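Start at 1 with the first residue, then count along the sequence. What you see is a predicted model, and the numbers here were worked out from it, not measured in a lab.
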Amino acid sequence: MSIKKIWKAANPKGHLLTAISFLIPIVCGSGFIIAIGMGLGGTVQQTLLPGQFDLWQAFATLGARALGLLPVVIAIGISGSIAGKPGIAPGFVTGLAANEISAGFIGGMIGGYIAGYIAVTIIKNVKVPDWARGLMPTLIVPFFASVISCLVMLYIIGTPIGIFTDALTSLLRNMGTSSNLVLGAVIGALCIVDFGGPINKTCFAFVLTLQAQGINEPITALQLVNTATPVGFGLAYFIARLLRKNIYNNAEIETLKSAVPMGIVNIVEGSIPIVMNDIVRGVSAAAIGGACGGAITMVYGADATVPFGGVLMIPTMSQPMAGVMALLVNILVTGVVYAIIKKNVPRDVITDDSSEEEDIDMDDIKIS
């Protein structure tokens, strides 16, 4: 079997995207919790001792603890996607091992693949007596896959992953202004071109890896672009009116009424119906605006400590005005570009009823 066929059968990209789809709700929930807590004056506590913390400290602390377990979550997601339920425990244990030896998010991802494929290998190749078959998915596979994958993480790959992660962190921390501008523009443009699809999720995995190492600007760039883009499409409506253009039909205007508020809290998918009506111009405006916003985020150091939350991320930044500036530029550029390049459309869209089913003529039906 060729390497290409083996790679296709292994489907590592599919398993990663599945795991990220599980990861995102946890990131969103945890991000909102910590953003609310920190935005209202809470701080992350070492421990929550009864009677010695307030509600906002509890929010900030619990959100931070949940985000600290993201390497475990991604390992579970990948391993479970590969091996099903028998892969959950090995992924959990291996993800914990990656966390303990500071292998970070990359360690969690690689550990998930190792745990999942080891579990599948055991399922396919280990034969047990008939009376023990019921124990395979609940005991035998989870136990042996957990032990083997955990030992591989602790004694073989964990240290090299940690060294690589530290090197990547040092490289990014020492980048100059021009490099930050390019990186921010690339992240900003790529993360928005498919509006929450596979490219966005791949970018998300990369920037989340960096945040796990204390580099917050890349994930801030991604999330601010997701926040700004739907608002930019809303601004385009008003700019187009100043230009005496009509760029949205009534259905799209109604969509904007929900897409813009969704964007403010970092849900970009609400603008998909608008983009789908003019994909090339919609994606172009979003990518140009995202590149500008991402570049400003990286250059001026907008560094939200939470990976989700929209405008709620701003209070968690050491330089909130940098985040505000990135948002405003992104919104303005997206709105101006879309208003200019979008063609006029009729406000009222008349539904074509010519495709309705014709009445069935029963006269020609014969029963033999």
Side-chain angles (χ1 to χ4, degrees), residues 31-32 34-36 38-41 172-193 195 200 203-204 206-208 210-211 214-239 242 256 259-268 270-271 282-341:
F32 269 122
I34 191 174
I36 292 171
M38 296 184 70
L40 295 174
L172 292 172
R173 287 190 187 280
N174 295 323
M175 284 197 316
T177 300
S178 59
S179 299
N180 275 318
L181 187 147
V182 172
L183 178 61
V186 171
I187 291 174
L190 282 180
C191 74
I192 199 61
V193 293
F195 290 82
N200 179 279
C203 289
F204 180 76
F206 171 69
V207 297
L208 197 59
L210 300 180
Q211 189 181 48
I215 302 176
N216 296 321
E217 290 84 357
I219 198 165
T220 304
L222 181 147
Q223 299 296 3
L224 289 182
V225 170
N226 286 345
T227 301
T229 300
V231 184
F233 284 132
L235 178 63
Y237 169 79
F238 297 101
I239 295 175
L242 293 176
L256 281 174
V260 171
M262 290 170 67
I264 291 174
V265 292
N266 208 305
I267 302 174
V268 71
S271 56
V283 170
S284 298
I288 294 170
C292 295
I296 290 176
T297 301
M298 291 292 298
V299 170
Y300 289 97
D303 57 348
T305 57
V306 298
F308 192 82
V311 296
L312 294 176
M313 299 167 62
I314 294 174
T316 72
M317 299 178 186
S318 62
Q319 302 183 67
M321 289 309 300
V324 172
M325 182 168 58
L327 269 177
L328 292 178
V329 169
N330 195 338
I331 291 169
L332 182 62
V333 172
T334 301
V336 169
V337 171
Y338 196 57
I340 291 174
I341 67 176

Scanning both residues in full, the closest heavy-atom pair of Ala259 with Ser271 reads CB-N, 3.9 Å
Correct closest heavy-atom pair for Val225 and Gly290 would be CG2-O, 3.6 Å
Does any N or O in the side chain of Thr229 come within less than 3.5 Å of the main-chain N or O of Asn226, such that one atom is a donor and the other an acceptor?
no
Worksheet item: Could you go step by step and tell me if Val260 and Phe233 meet the side chain to side chain contact (heavy atoms under 4.5 Å, CB included) rule?
Response: CA-CA 8 Å; Val260 171; Phe233 284 132; over 6 Å; no
In short, Leu190 meets Cys203 closest at the heavy-atom pair CB-SG, 3.7 Å
| said: Quick check against the 3.5 Å criterion: does Asn200 have a side-chain atom that pairs as donor or acceptor with the backbone of Ile192? | reply: no
The reported gap from CE in Met38 to CE in Met313 (rounded to nearest 0.5 angstrom) is 12.0 Å
Correct closest heavy-atom pair for Val193 and Ala287 would be CG1-CB, 4.2 Å
Interatomic distance, CD@Gln319 vs CD1@Ile314, rounded to 0.5 Å, equals 13.5 Å
Correct closest heavy-atom pair for Leu312 and Ile36 would be CD1-CG1, 4.4 Å
To the nearest 0.5 Å, atom CG of Leu242 lies from atom OH of Tyr237 at 11.0 Å
**Prompt:** Is the backbone of Ala304 close enough, under 3.5 Å, to the side chain of Thr220 for a donor and an acceptor to pair up by distance?
**Reply:** yes
(Q) Just so I know, are the side chains of Pro230 and Val268 near enough to count as touching, which here means a heavy-atom distance under 4.5 Å? (A) yes
Closest heavy-atom pair, Cys292 versus Val329, reported as atoms and distance to 0.1 Å, is CB-CG1, 4.1 Å
When rounded to the nearest 0.5 Å, the distance separating CG of Asn266 from CZ of Phe32 is 7.0 Å
One should read off an interatomic distance between Thr297 OG1 and Ile187 CD1, to the nearest 0.5 angstrom, of 9.5 Å
| query | Do the non-hydrogen side-chain atoms of Phe195 and Val283 ever get within less than 4.5 Å of each other? | reply | yes
Rounding to 0.5 Å, atoms CD (Gln223) and CG (Leu208) come to a distance of 9.0 Å
* With a 4.5 Å limit on heavy-atom distance, are the side chains of Thr227 and Leu327 in contact? -> yes
